[in-house]
Amino acid sequence: MLELFEGPVPVEKTLARWYKEEDKSNYGAFIPFIGTIRDEDGIDGLSFDIYEPILNSWYEAWQKKAAEVGAILKMAHSKGDVPLHKSSYIAAVFSPKRRVALEMIDEFVEDFKASAPIWKYDLRDGKRIYAKDRSTAIKGSGLLSKVKDK
Amino acid sequence: MLELFEGPVPVEKTLARWYKEEDKSNYGAFIPFIGTIRDEDGIDGLSFDIYEPILNSWYEAWQKKAAEVGAILKMAHSKGDVPLHKSSYIAAVFSPKRRVALEMIDEFVEDFKASAPIWKYDLRDGKRIYAKDRSTAIKGSGLLSKVKDK
Amino acid sequence: MVRVEFLGPIQKDTINLEATTLNDVAEFLSKDTELKSWIENCAVAVNDTMVMDLNTALKDGDKVSLLPPVCGG
Amino acid sequence: MVRVEFLGPIQKDTINLEATTLNDVAEFLSKDTELKSWIENCAVAVNDTMVMDLNTALKDGDKVSLLPPVCGG
């Protein structure tokens, strides 16, 4: 189940809860990736917009992919503002064996960065500034610019 | 600091403590790998012997390697018996950026499996049976069998 | 009528228009100079499913969403 | 005297012997048929540093450790 939080993700509680949820599931490997807001470039924090319908279908497609190799995924993400040194993101893999988990956490996090419909804003002087330079166009972008005149 | 526990590693507490220890260190990525004892092949649990002096030097060499890319490592491991569904191992990377963390957790865990002086035993019917078939000869093994007669 | 929604940082209200294919939507939006820089970098979803083809048919009540470059995490 | 320790699953007590190189230790241990299967798979440390050379010099009080195949985690 994909979990969204207004503001920071409560990391300790979420990790403890996920670990407990699967503590009889016979997974040998659990790898969470925790993303935390860095103090850099003079920002006061970050802020996020999420488009939930497409995020959910992206996530469900990944769960199916994980199930094919006997693994499961968990994910938590922030909506709205997250101050410096707080966390906005946890993605996790549980799998019977370590190789599957090590490879999947990498692919899952990278595809998340490239495909999940989440938009990031720098917080500066009370303003919310789209982090355009650090954003990635989703695969297939530019479709509407290929318009055919009739 | 490498942490050794008699019996299972307390996962929730250890993750929470590590997260808190680094919550002002400005690392953007934190990836722990948690290893849990699977119920398989009819075992009652696993047991571990550790040779601490060489484990410590192996770990210090890895900390240096991590420091070269601005990262740090944390590790916890069990000594003695660990029952089914309890955890025996956490290895973690903290780094400013995600790529370093994703690549290092994989290398660190794999080198740990191949090189760390830890011996695993199956627990069966109260007996401790060396897991020879799942063990890996450390690089350079067999040196003493190359004896030169004088 | 088809509804066109602009997601994330695109500060633009929803548009309603008549369209039978995605190409009709593209043609309509190409006249909006303010949108030009976005359109080149936007992915497109119809009823929350990503699409890759301008010939995608649209029917009354369909929702077209424009997704600008993303950066989660 | 040099001390030879057998780590992990090798059920064998520490041995003390006279040796000036690691090759001397290897020669001594090669006479122990019980150790044969271990020796082929063991890595070696001198004073807790891994070594790769049978010519490694040994001095009085040195510790030689035999490390059988490992499996942490």
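Being a predicted model, the structure only gives us computed values, none of them experimental. Any value given below was found using the heavy atoms of this structure, including those in side chains, with hydrogens, waters and symmetry copies removed.
- Environment of CG in D:N16: crowded, with over 12 heavy atoms of neighbouring residues, nucleotides or ligands closer than 6.0 Å.
- Taking each heavy atom of B:I138 and D:M50 in turn, the nearest pair found is CG2-CE, 4.0 Å.
- Looking at every heavy atom in both residues, B:K139 comes nearest to D:M52 through O-CE, 3.6 Å.
- Among D:A26, D:P9, D:A43, D:G8, the residue with the largest count of heavy-atom pairs under 4.5 Å with chain B is D:P9.
- Residue pairs meeting the salt bridge (charged side-chain N to carboxylate O under 4.0 Å, His left out) criterion with at least one partner in residues 59-71 of chain D, sequence neighbours excluded, are D:D48-D:K63, D:K59-D:D62.
- Interface remark: D:E5 contributes side-chain atoms only to the contact with chain B (heavy atom separation under 4.5 Å).
- Remark: B:I54 CD1 to D:L67 CG distance equals 4.5 Å, nearest 0.5 Å.
- Contact record, D:C71 with B:R134: SG-O, 3.4 Å, taken as the closest heavy-atom pair.
- For a residue to count as touching a neighbouring chain, one of its non-hydrogen atoms must lie under 4.5 Å from one of that chain's; by this rule D:L29 touches chain B with the side chain only.
- Pairing each heavy atom of D:P69 with each of B:Y130, the nearest pair is O-OH, 2.6 Å.
- Here the shortest heavy-atom pairing between D:D53 and B:L143 reads N-CD2, 3.8 Å.
- Within 6.0 Å of atom NZ in B:K13, 12 or fewer heavy atoms from other residues, nucleotides or ligands are found, so the atom counts as exposed in its surroundings.
- Proximity to chain D at a heavy-atom threshold of 4.5 Å picks out B:F112, B:K113, B:A114, B:S115, B:A116, B:P117, B:I118, B:W119, B:K120, B:Y121 from residues 93-122 of chain B, in numerical order.
- Contact count versus chain B (heavy atoms, under 4.5 Å) is highest, among D:N41, D:L54, D:V51, for D:L54.
- The parts of B:T136 that come within reach of chain D are both its backbone and its side chain, each placing non-hydrogen atoms under 4.5 angstrom from that chain.
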